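What follows is a set of notes on a single structure, which appears directly below.
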Amino acid sequence: MDILKDLAAIVGTEFVTQDPSVLSEYVSDLSFTKGSQPEAVVCPKTTEEVSRIVKWANEKNIPLVPVSSPVHLYGTTVPKQGGVIVNMKRFDEIYEIDKVNRLVRFGVGVSWEKLTAALREEGMRVIMPLAPRAERAVATDHLEREVTTSMVYDYGEPTQSMEVVFPNGDVFRTGSASAPKFPYSPARGANPAGPGLDFYRLLQCAQGTMGIVTWMSLKIQSIPRIDKIKFAPLDHLKDGISYLYRILPRRIGQECLILNNVDLAALLAEERGEFEKLCGKLPEYTLILTISGLIRRPEEKIAYEEHFLEDIMKNEFPQIVLTDYLPGFPKAAGRMMNILRTAWPQDRPYWKSVPKGAWQDLFFITRPERVPEFIERMRSVAGEESYPFDEIGIYEQPIEHNRACQLQFTFYYDPECKASAEAVKSLQKKAFESMHDAGGYFTRPYGDMAERLYDHAASYTAALKKVKALFDPNNVMNPGNLCF
């Protein structure tokens with residue numbers, strides 16, 4: 001079998017390689033996952049080329065691993081059984097910015113830097129996770145259901161429609177993008193669901209096992225005319241959580257999050273020396289809230305929200321002090337607003353690399369009132385594993401006006417020290433077991449965590465296997481991920 005020749009006939013000789021130095025780049029990512037070396041890397045440009053590659057893989061029984069970003073975090077694109085990497089980096093066009101229907105449609109290779117810059121020129125913006133890397137593909141984060149910093153219900157599900165090449169090579173468009181004459185149909189692809197089943201949910205968090213997405217559409221909104229950022233140092237985390245229960249269901253604010261001193265220091269610091277100073281001076285937890293006025297009567301909206309916040313603090317939460325600045329850090333407001341609204345620049349070390357050089361995350365969904373309980377569990381596990389609790393990053397992200405939240409723990413370590421890496425690997429495993437046993441809801445399990453989680457969800461695992469067998473009977477799409 002001449003893989004190089006077969007793939008070159010589809011995409012051209014310059015867009016397929018078996019260079020060992022290139023293949024070795026795909027054996028690992030920023031997680032602890034280690035895989036096997038692929039046999040080739042192919043870079044298609046069109047949906048037709050992707051379809052032909054998928055049909056070829058079925059004929060030859062060769063696994064395909066789709067990759068849409070140069071940065072991966074969880075082992076989702078590390079080949080478990082070799083095969084061919086389908087690198088979607090050439091799908092890097094922004095096809096349309098529809099301000100009337102408030103959506104943007106773009107290829108899966110488009111980066112956060114490119115998309116945010118294009119939208120900014122049109123006076124629009126897309127809702128973002130916390131400080132995504134500039135070079136990371138936007139589609140990757142949304143397919144992985146990364147939680148965004150905006151807790152506004154309207155943007156709880158930012159995905160609109162997408163195009164996918166299913167594991168048999170068929171091309172399919174989800175939601176109203178399936179309407180005749182798309183993209184010129186009245187539907188414009190602005191509804192992600194139906195008619196009938198929501199096929200786009202089949203693709204989210206599937207890690208490339210159910211097909212290869214070529215483009216997607218996301219909701220966008222106007223850039224606010226007025227923004228104000230508020231900080232509330234928290235002496236007691238429970239006070240901040242109770243406060244959010246009071247204000248967020250009233251649709252107050254845009255971005256909202258709670259960070260402990262470690263994560264906030266890492267975000268604000270420009271180098272390690274500054275991180276250590278900030279870490280020692282910042283409060284244990286800080287609530288961060290932005291209020292915004294969009295196009296219509298922005299001053300009145302800001303005034304109303306500020307009055308509401310002041311009234312709640314005065315009459316119900318006198319212990320909460322919500323200010324326009326972070327006491328003792330005059331530059332914090334400007335830095336933090338920029339962090340919340342732009343991608344992390346490529347010319348600066350990524351913020352999570354500042355404390356020690358490398359990190360691993362543990363995140364799950366829970367109810368906000370349970371956050372202190374899970375934090376105490378983490379304190380206990382860290383003590384058992386001899387990892388300093390005060391070096392763990394803690395980030396609580398409210399979801400849809402505080403209906404739920406994502407709680408994330410970040411374990412920092414020195415990548416040059418094997419003992420440090422092994423300690424964090426053990427801590428992550430033990431912490432996952434503790435949080436899972438206590439009812440933490442892991443919607444995005446990866447690696448060893450996925451194996452344990454699927455073992456405890458027998459009926460769910462059986463259903464996933466049946467669905468996989470229906471869509472991918474030859475098991476060519478990223479085999480070894482999910483639960484099999």
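If you read the sequence from its start, that first residue is 1, and numbering goes on from there. It should be emphasised that the depicted structure is a prediction, and the values quoted were computed from it without experimental measurement.
With hydrogens and angles ignored, the 3.5 Å screen pairs a side-chain donor or acceptor of D472 with a backbone N or O of V476. Of the possible polar contacts, one joining the S36 side chain to the G82 backbone as a donor-acceptor pair under 3.5 Å is found. In this structure, S161 contributes its side chain and G189 its backbone to a donor-acceptor pair below 3.5 Å. No side-chain donor-acceptor contact under 3.5 Å links K34 to the backbone of S28. Between the side chain of R136 and the backbone N or O of V71 there is at least one donor-acceptor pair closer than 3.5 Å. Listed for the N87 side chain is no donor-acceptor partner under 3.5 Å among the backbone atoms of F15. Proximity of a side-chain donor or acceptor of R246 to a complementary backbone N or O of S242 within less than 3.5 Å is not detected. A donor-acceptor contact shorter than 3.5 Å is absent between the side chain of N478 and the backbone of P66. No donor-acceptor distance shorter than 3.5 angstrom exists from the side chain of N191 to the backbone of A187, with no hydrogens or angles considered. For the pair N402 (side chain) and L248 (backbone), a donor-acceptor distance under 3.5 Å is absent.
With salt bridges taken as basic N to acidic carboxylate O contacts below 4.0 Å, one links D227 and R341. The existence of a salt bridge linking K99 and E121 is excluded, since no basic side-chain nitrogen approaches an acidic carboxylate oxygen closer than 4.0 Å. Ion pairing between K352 and D361 holds under the 4.0 Å rule for side-chain N and carboxylate O. Salt-bridge formation is not detected for the pair K45/E49: no Lys NZ or Arg NE/NH1/NH2 atom is positioned less than 4.0 Å from an Asp or Glu carboxylate oxygen. Checked for salt-bridge contact, R444 and E146 meet the test: a charged N lies under 4.0 Å from a carboxylate O. Of the charged side-chain nitrogens involved, at least one lies within less than 4.0 Å of a carboxylate oxygen, so that E96 and R188 count as a salt-bridged pair. Residues R133 and E113 are not paired through a salt bridge, judged by the lack of any N-O separation under 4.0 Å between the basic side chain and the carboxylate. Ion pairing of R452 with D455 is absent here, as no side-chain N (NZ or NE/NH1/NH2) approaches a carboxylate O to less than 4.0 Å.
Between Y26 and V41, the closest heavy-atom pair is CE1-CG2, 3.5 Å. Considering all non-hydrogen atoms of both residues, I62 and G83 come closest at CG2-CA, 4.1 Å.
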Inset, instruction - Carefully, step by step, assess F182 and W215 under the rule ring-ring contact (aromatic ring centres under 6.0 Å, His included). - result: CA-CA 13 Å; F182 177 83; W215 58 253; 5.5 Å; yes
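For F172 and F199, the gap between ring centers is short of 6.0 Å. The six-membered or imidazole ring of Y350 lies near that of W359, with a centre-to-centre distance under 6.0 Å. Checked against a 6.0 Å centroid threshold, the rings of F166 and F471 count as neighbours.
Inter-residue side-chain proximity for T33 and K80 is flagged as met; some heavy-atom pair is nearer than 4.5 Å. Two residues are said to be in side-chain contact when any heavy atoms from C-beta on lie closer than 4.5 Å; K55 and R52 fail this criterion. Between T149 and C256, every side-chain heavy-atom pair lies at or beyond the 4.5 Å cut-off.
Checking Y74 against N481 by side-chain atom types alone, no donor-acceptor pair falls below 3.5 Å. For Q254 and T290, the side-chain atoms include no donor-acceptor pair closer than 3.5 Å.
Within 6.0 Å of NZ in K89 there are 12 or fewer heavy atoms belonging to other residues, nucleotides or ligands.
Ring geometry, H436 versus F432: the interplanar angle falls under 30°, so the pair is classed parallel (tilted spans 30 to 60°).
Listed by chain and number, the residues in a ring pair (Phe, Tyr, Trp, His ring centres under 6.0 Å) with F364 are F374, F442 (sequence neighbours excluded).
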